[in-house]
Amino acid sequence: MDHSIALVTGATSGLGYAAARLLAAAGCREVIVTGRSLARIQETAAQLAAETKRQVFTPLALDLNAPASVQSALAEIVMRGRPIDLLLLNAGMVPGKARVLTAAGVEQAQAPLIGHHQLTIGLLRANLLSPNARIVIAGAEPARGGVPMFSYTDVPAFAAKYFRGDRTAAIEALIRNGPNVKYVPNNTYADAKLIIAWWVAALARRLPPGMAAYAVSPGGATATKVVRNAGPALKYLFIPIVNLIPGMNQTPETAAGRYIQASAFGTDVSGQFFASAKGKFSGPIEVQRQPHLYDHASQEAAWQAVVKVSGVDLSSPASLSAAS
Ligand SMILES: NC(=O)c1ccc[n+]([C@@H]2O[C@H](COP(=O)([O-])OP(=O)(O)OC[C@H]3O[C@@H](n4cnc5c(N)ncnc54)[C@H](OP(=O)(O)O)[C@@H]3O)[C@@H](O)[C@H]2O)c1
């Protein structure tokens, strides 16, 4: 990490904050930290500098729900002109009981991916990722299945039932939470993280040869604010019970350490999803091998759905302003 420039989204709390600290300790020469509002992220940057005694934190306003905010953040990075070595796309959330859509009609747990896509493509187009850049995006174990209370949608079956087999349309419906989608908060979260795993595989195929991208689950770290909006069954029953089982929870620093670990992985494992071993939420990370994660048609459909919702593609000349 020595002399690298990193950008961490969602750094105002939890794992983003912990990752920013770790990156400074690892010798990064600059850590750009983002938060929805400039005032709040300025406070965060000052707090990080005081805690770490390193003046390496640059605050940047970035609301991933708002294309105009992504565009302003990109303009700022372009103005500074220094390529980013590690793009840590950490921001995300477990949604609450009430369904919330952004102004662009995207369900709020799905929205960070849309903003992260706009940011990533904007940086690639501006040539502001270094030739060996690493892109790490936050995944979660529910994307592989087998997590109680969280089920992902069987996209091929869902597409066949409601969209004449069109998986892009089916995934767009999941991102927008309709049509034909029943809002179940935990399942929406599982779907959001599955779409991330597919998106990263499709992104990896489109990156220049030296770059790599991975989806990485930080694992269980319930001391963060990740379930602040979640229902009582998850907050007051499932998590406290799971936390009683040894090895199912870890500190935010340990969880954020997984992102840093993955940022040193090679191009040979680009596009893969790393998470805890089966049945665990902590411990070492490993490549996830469930067949649905490797479904090429779903990976490409996820990419196309995100392109459609975000209005931004790598190959098209459309500018971000088209999506705002
Ligand atoms: N903690 C866990 O057990 C766990 C397990 C698996 C995966 N994860 C993933 O790890 C990531 C970090 O979660 P955390 O535990 O650190 O939660 P957290 O404490 O709630 O932090 C989430 C961060 O993301 C930001 N954020 C969320 N939506 C955003 C948006 N639309 N635009 C801009 N910023 C946004 C939040 O900003 P605001 O404060 O302004 O909302 C906050 O800074 C998430 O992607 C989560 O899904 C966490």
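Both ligands and their constituent atoms are indexed starting at 1 by order of listing.
The shortest separation from a heavy atom of Lys193 to ligand 1 is under 4.0 Å, placing the residue in contact. Ligand 1 lies out of reach of Gly35, whose nearest heavy atom is not under 4.0 Å from it. Residue contacts with ligand 1 include Leu62, since one of its heavy atoms falls under 4.0 Å from the ligand. Residue contact check for ligand 1: Gly139 places a non-hydrogen atom closer than 4.0 Å to it. Using a 4.0 Å heavy-atom cutoff, Gln108 is absent from the residues neighbouring ligand 1.
Given atom 31 (N) of ligand 1, the protein heavy atom at minimum distance is Asn65 OD1, 2.7 Å. Scanning all protein heavy atoms for the shortest distance to atom 15 (O) of ligand 1 gives Thr224 OG1, 2.5 Å. Protein heavy atom at the shortest distance from atom 23 (C) of ligand 1 is Gly10 O, 3.6 Å. Nearest protein heavy-atom neighbour of atom 29 (C) of ligand 1: Arg36 NH2, 3.4 Å. When only non-hydrogen protein atoms are considered, atom 13 (O) of ligand 1 lies nearest to Val226 CG2, 4.0 Å. In this structure, the protein non-hydrogen atom closest to atom 20 (O) of ligand 1 is Arg228 NH2, 2.8 Å. At the shortest separation from atom 45 (O) of ligand 1 among protein heavy atoms lies Asn90 O, 2.8 Å. Of the protein's heavy atoms, Ser13 OG, 2.8 Å lies nearest to atom 19 (O) of ligand 1.
Near Thr12, the atoms of ligand 1 lying under 4.0 angstrom from a non-hydrogen atom of the residue are 37 (O), 39 (O), 42 (C), 43 (O). Atoms of ligand 1 found under 4.0 Å from any heavy atom of Tyr259 (numbered from 1 in listed order, with element): 10 (O), 11 (C). Under a 4.0 Å criterion applied to the non-hydrogen atoms of Ala140, ligand 1 contributes the atoms 6 (C), 7 (C). Residue-ligand proximity, Gly219 to ligand 1, at heavy-atom distances under 4.0 Å covers atoms 2 (C), 3 (O), 4 (C), 5 (C), 6 (C). Near Gly14, with a cut-off below 4.0 Å to any heavy atom, the atoms of ligand 1 are 16 (O), 19 (O). Listed by number with element, the atoms of ligand 1 under 4.0 Å from a non-hydrogen atom of Gly220 are 3 (O). Every atom of ligand 1 is numbered from 1 in the order shown, and the set under 4.0 Å from a heavy atom of Tyr189 is 6 (C), 7 (C), 8 (N), 9 (C), 46 (C), 47 (O). Taking a cut-off of under 4.0 Å to the non-hydrogen atoms of Ala221, the atoms of ligand 1 that pass are 1 (N), 2 (C), 3 (O).
For Tyr214 (side chain) and Phe265 (main-chain N/O), a donor-acceptor pair under 3.5 Å exists by modelled atom type. Between the Asn90 side chain and the Val8 main chain, no donor and acceptor come within less than 3.5 Å of each other. Looking at Gln288, its side chain never comes within 3.5 Å of a backbone N or O of Glu141 through a donor-acceptor pair. With hydrogens and angles ignored, the 3.5 Å screen pairs a side-chain donor or acceptor of Gln118 with a backbone N or O of Ser310. Between the Asn187 side chain and the Ser151 main chain, a donor and an acceptor come within less than 3.5 Å of each other.
Surrounding NZ of Lys308 are at most 12 heavy atoms belonging to other residues, nucleotides or ligands under 6.0 Å away. For OH of Tyr236, the number of neighbouring non-hydrogen atoms (other residues, nucleotides, ligands) closer than 6.0 Å is 12 at most. Within a 6.0 Å sphere centred on CG of Asp154, other residues, nucleotides and ligands contribute more than 12 heavy atoms.
In terms of heavy-atom proximity, Cys28 sits nearest to Val56 at O-CG1, 3.7 Å. Summarising the geometry of Ala20 relative to Val33, their closest heavy-atom pair is CB-CG1, 3.7 Å, with the distance given to 0.1 Å. When all heavy atoms of Ala275 and Ser217 are compared, the closest pair comes out as CB-CB, 3.8 Å.
No side-chain heavy atom of Thr102 sits under 4.5 Å from any side-chain heavy atom of Ile114. The shortest side-chain heavy-atom distance between Trp303 and His117 falls under the 4.5 Å cut-off.
Between His292 and Tyr152, the ring planes are parallel. Angles under 30° get that label, and only those over 60° would be called perpendicular.
Residue Glu141 does not touch ligand 1, judged by heavy-atom distances below 4.0 Å. Neither the backbone nor the side chain of Ala111 has any atom closer than 4.0 Å to an atom of ligand 1 (non-hydrogen atoms only).
By the 3.5 Å distance cut-off applied to N or O atoms, Leu15 is counted among the residues near ligand 1.
Taking the charged nitrogens against the carboxylate oxygens, Arg21 and Glu253 have no contact shorter than 4.0 Å, which rules out a salt bridge.
Here atom 26 (N) of ligand 1 lies nearest to Ala91 when heavy atoms of Ala91, Gly115, Ala255 are compared.
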